[in-house]
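Working notes for the structure below.
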Amino acid sequence: MNSKLTSLSDAIHQYVHDGDLVYASGFTHLIPFAAGHEIIRQGLRDLVLARATPDLLYDQMVAAGCARKVIFSYMGNPGVGSLRRIREALEAGELEWEEYSHFSMISRLQAGASGLPFMPMKQTGATDLESQNPNFRRVADPYTGEEVVVVPPLIPDVAIVHVQRADVNGNAQVWGILGEQRLAAFAARKVILTVEEIVDEAVIRSDPNRTLIPGLVVDAVCHVPYCAHPSYTQGYHDRDNDFYLAWDEISKTEESVQAYLEEWVYGLPDRAAYWEKLGPEVHKRLQAGQRLSEPVNYGDY
Amino acid sequence: MNSKLTSLSDAIHQYVHDGDLVYASGFTHLIPFAAGHEIIRQGLRDLVLARATPDLLYDQMVAAGCARKVIFSYMGNPGVGSLRRIREALEAGELEWEEYSHFSMISRLQAGASGLPFMPMKQTGATDLESQNPNFRRVADPYTGEEVVVVPPLIPDVAIVHVQRADVNGNAQVWGILGEQRLAAFAARKVILTVEEIVDEAVIRSDPNRTLIPGLVVDAVCHVPYCAHPSYTQGYHDRDNDFYLAWDEISKTEESVQAYLEEWVYGLPDRAAYWEKLGPEVHKRLQAGQRLSEPVNYGDY
Amino acid sequence: MAELEYNPKELMVVNAARLLRDYDVVFVGVGIPNLACNLARRTHAQNLQMIYEAGVIGAQPSRLPLSIGDPSLVTGSTSVCSMYDVFTLYLQRGNVDVGFLGGAQIDQFGNINATVIGDYQNPKVRLPGSGGSMEIAAWANRCYIITPHQKRRFPARVDFQTSIGFLEGGDARKRTGVRGGGPEAVVTNLGVMRPDENGELILTAMHPGVTFEQAAENTGWPLKLAAGCAITEPPTAEELRILREDLDPQRIYI
Amino acid sequence: MAELEYNPKELMVVNAARLLRDYDVVFVGVGIPNLACNLARRTHAQNLQMIYEAGVIGAQPSRLPLSIGDPSLVTGSTSVCSMYDVFTLYLQRGNVDVGFLGGAQIDQFGNINATVIGDYQNPKVRLPGSGGSMEIAAWANRCYIITPHQKRRFPARVDFQTSIGFLEGGDARKRTGVRGGGPEAVVTNLGVMRPDENGELILTAMHPGVTFEQAAENTGWPLKLAAGCAITEPPTAEELRILREDLDPQRIYI
């Protein structure tokens, strides 16, 4: 099997194009900030940015002018407050949006990943969002006649998925909060995998049930340690809650955001430089410590 | 949390009743033979026996007179041939049946486990089965007008699920072929968990991503080593292919089947006695050997 | 015995905790609901089970998480599953007893707005949106809301129904066919409101020292007083000790 | 060079293996298809990937499995997922290039019966039923059938359409909207049949020494001979060596 290893900048250059629908996945956990920063550096434009929780990453990408539209289900800085750049752009009418609940958003990915033309959901009684978003439709349950709400598949042009460990073919293992990592990979037309640790195929094969994303749906494998900072990678580094709080200040003005982007994105070549610039105190604060899983026996058949 | 530990015979007595729809799960792997044998011993009648692959277990239960009806998607002895007892009963018109493809069968469980009134599937173009089973219906995709095929939820009265390891609260970890273990547990009204190895809660908590069935859907936890023989439990014992071949002979006549049941089911009190009766040569032949998973680090946060 | 001192947040946490029952399966967020659940586990509801919408079941966090996706929720938890699974297998299937809800506006019939102030297409204030709350409000067996008692938070009608309580009241909720029972109590710093037989939130309990007038003045609809409106028991020394010493020693949320 | 000896099963395995392409993702069963895939991997299709309907991807079994759920398929494989996932994420999504199919009857248009001989409600012979084949036949990009060439196996019309080929021919398959291309070849002990432009199976290749009359006599419809019908290359010494020494040394399937 040929290796799919490539640099992140080459992968973004090859697989992300102006106007694409991009899904950078990860629910709080494993958010591929390094990939978003590379998209900013490469000056991509008119992207449709989809994520259940846009998080700081899409706030930064919107501020950098990459996006034409956002698709989301919770547009906040988790535990802190607003995503100020996206919010201001929405309130000013400068950014298109398409909105779901978490479940309807993820159901769109489930439909996309499953090859289904729609996914049904039980009614919630809340119809205001449904009436604002024509992607919500209704179908009568043929057994009872009751209506269910349905959403169409979400098929990203490209999904960017960060994982803890993978082999060079893109067979990827993920643990901790799984969010929509797997669905995004199966739903998308192209998949860029960013990997905290490249491991030998034998490590993957020692625990096949842990492999949530198979290499056969992966187009590029990029070795990017600390890709997820300021979010986190379970078992590798902690969430940088201080930065999530700090962003609430930084994002208050256009000027301070641009200064941030200048210093931490445009001014740096890649994630290795970013991590180094964070410095040893941050590195130390974000250490993960060790709590290993008890092994299981697959048997030697 | 109160322990849910109970004996298998008490669990069957308490949770399985004449006429129930029973789903004893496991695709080739983890088939809970010990529970089926206990159902035979307790003389339950008029059961509706659902499984994607009825396997030898339902052949035995049908031969023992427990069943009114079978629901299935592949009625064979995998790799060997027919399930002769079920096949004869069907050909003689002595047993009701309801038939699916694997995917439509499992989609029924997915709907049941998800709380949905139906699950859609893309069309397969094959309409003969659809025309024989009124549970298949059609719904128009509201986005394109194309029809999808839908099936209703399958909600077993009781699911019996064998797992490798669980704590006394029923938090269960499964690896190897997963089949429909998890869906059966979430779909059913009552869940009897048979467990190869009862472990401390700390073992479960060392690897939460491996826990596919949470204790909150489990009603009884039964410690039943070797429950799955002649099927297998990955990492604990091998599949007894010799018995799968032998059953093809045993099941040729009603007499030899009844003799088998007399010797191996009615004549024994429980699974421990069954395993002992198999003897040391079989034990040795079915040893699993050791191939441990590489641990993952969850981090000490 | 000298009267214990406590602040409004402690009061809300303690009263919310008391609503929880042993063996409840609770869909929980960070902050006050998280504290209420943990307090209940330490007092009368040892077997309470917490589910986070991030897919974590049976968390035993060693620190107070800033977000519902914190790594400390995962390490040592009982089970972790995908988001699709948590919304289908747990919530939609009916395995969740209790949901906690919040929002910028809660109206007379317990409907919640977490989406927008003003017009949806031309928002005056764009709020975060539903997240999981649209489904939690519909499908959990019962829901609780914990919020400060302020007139702007309690308008007669919300600008946007992100998640439903009893809609316009009467049997409107029931007619939608949603499985959950809807909001069972709103705990504020002044007391507790519960739905009457018409689904309208009325004052059913006041905290010690609070008057009905105070509550009415801070409510955006003509608040009714329940027959037999009770006075809540003040927080006990033990409840306050657990909260202050064990659960939130840095006083992040209280 | 002396002519090599081989039996009909070896002939079928070798010819089926040659149909597979490098990088194909194959949905595979036990027995002959399993041998064909492994032979292809050892010869011209090193990057072929095998998926078992039990949810196993990238198996490296150390023994020949009796069933598609054998534990030896799991140990050392690349990935294992649930049955629902394998049918949705892999097959229905369109991630499968090749499916192998089999059944008691295959008809003129490649439709397959694995369900029943006689009337469905009053079966003369009750067969195992679909398993995964209804969906594999519809959704894999292309399908292959490997079966001995016998008249009773090749009726003009099947008693029951468990899985479809080209239905009644023409654009009938296309009109159903199924994504896959349908059966691309039927490999028998006499030769290879492929669909013509109308979806009818015609003889496109004969094994060395076989006559068209032999094939026609063993086919339940008036078999047509393709223009330019080829003679297959006999199995090579290397192909036979791999099969006999490495893949099935106990001669279970060959």
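What's counted below: heavy atoms across the whole structure, side chains too, no hydrogens, waters or symmetry copies. Note on naming: letters A, B, ... go to the chains in the order of the sequence lines (proteins, then strands), and numbering restarts at 1 for each one.
I86(A) does not touch chain C: none of its heavy atoms, backbone or side chain, sits under 4.5 Å away. The parts of T75(C) that come within reach of chain A are both its backbone and its side chain, each placing non-hydrogen atoms under 4.5 angstrom from that chain. Both the backbone and the side chain of S107(A) come within less than 4.5 Å of a heavy atom in chain C. If you measure heavy-atom distances from Y232(A) to chain C, the contacts under 4.5 Å come from the side chain alone. Within the 4.5 angstrom heavy-atom criterion, only side-chain atoms of W97(A), from C-beta onward, approach chain C. Only the side chain of Q234(A) comes within contact range of chain C, with at least one heavy atom under 4.5 Å from a heavy atom of that chain. Proximity to chain C (any heavy atom under 4.5 Å) is restricted, for R291(A), to the side chain, taken from C-beta onward. Only the backbone of T162(C) comes within contact range of chain A, with at least one heavy atom under 4.5 Å from a heavy atom of that chain. Of the atoms belonging to M105(A), not a single heavy atom falls under 4.5 Å from chain C.
Contact tally against chain A (heavy-atom pairs below 4.5 Å) for R173(C), Q121(C), R175(C): the top residue is Q121(C). Top candidate by heavy-atom pairs under 4.5 Å with chain A, chosen from G129(C), A138(C), G131(C), G55(C), is G131(C). Most heavy-atom pairs under 4.5 Å with chain A, from the set V116(C), V125(C), I136(C), L167(C): that is V125(C). Note on K124(C), Q161(C), E53(C): by heavy-atom pairs under 4.5 Å with chain A, the leading option is Q161(C). Counting heavy-atom pairs under 4.5 Å between each of E91(A), R239(A), R182(A), R87(A) and chain C puts E91(A) at the top. Between chain C and the residues S82(A), S73(A), A52(A), A92(A), the largest count of heavy-atom pairs under 4.5 Å involves S73(A). Per-residue heavy-atom pair counts under 4.5 Å with chain A were compared for A54(C), G177(C), S133(C), and the maximum is reached by A54(C). Heavy-atom pairs under 4.5 Å with chain A peak, among G69(C), C81(C), P128(C), S67(C), at P128(C). Contact count against chain C (heavy-atom pairs under 4.5 Å) is highest for D128(A) among D128(A), V80(A), T28(A). Among H29(A), E99(A), E180(A), the residue making the largest number of heavy-atom pairs under 4.5 Å with chain C is E99(A). With chain C as partner, the option from Y100(A), F72(A), F103(A), Y244(A) having the largest number of non-hydrogen pairs under 4.5 angstrom is F103(A).
The aromatic rings of H229(A) and F243(A) are tilted relative to each other, their planes meeting at an angle between 30° and 60°. Note on ring orientation: taking the six-membered ring where Trp is involved, the planes of F160(C) and Y120(C) are parallel (angle under 30°, cut-offs 30° and 60°). Note on ring orientation: taking the six-membered ring where Trp is involved, the planes of H102(A) and F27(A) are perpendicular (angle over 60°, cut-offs 30° and 60°).
Using a cutoff of 4.0 Å between basic side-chain nitrogens and carboxylate oxygens, R85(A) and E254(A) are scored as salt-bridged. Taking 4.0 Å as the cut-off between side-chain N and carboxylate O, E10(C) and R251(C) count as a salt-bridged pair.
Note that the CD atom of E135(C) and the NZ atom of K122(A) stand 12.5 Å from one another [nearest 0.5 Å]. Expressed to the nearest 0.5 Å, how far CD of Q110(A) lies from CZ of F87(C) amounts to 13.5 Å.
The shortest side-chain heavy-atom distance between Q164(A) and V174(A) falls under the 4.5 Å cut-off. Inter-residue side-chain proximity for D70(C) and P61(C) is flagged as unmet; no heavy-atom pair is nearer than 4.5 Å.
In summary, the side chains of Q173(A) and D207(A) do not present any donor paired with an acceptor at a separation below 3.5 Å, with no hydrogens or angles considered. A donor-acceptor pair shorter than 3.5 Å can be found between the side chains of W247(A) and D59(A).
With hydrogens and angles disregarded, a donor-acceptor distance shorter than 3.5 Å links the side chain of R108(A) to the backbone of P152(A).
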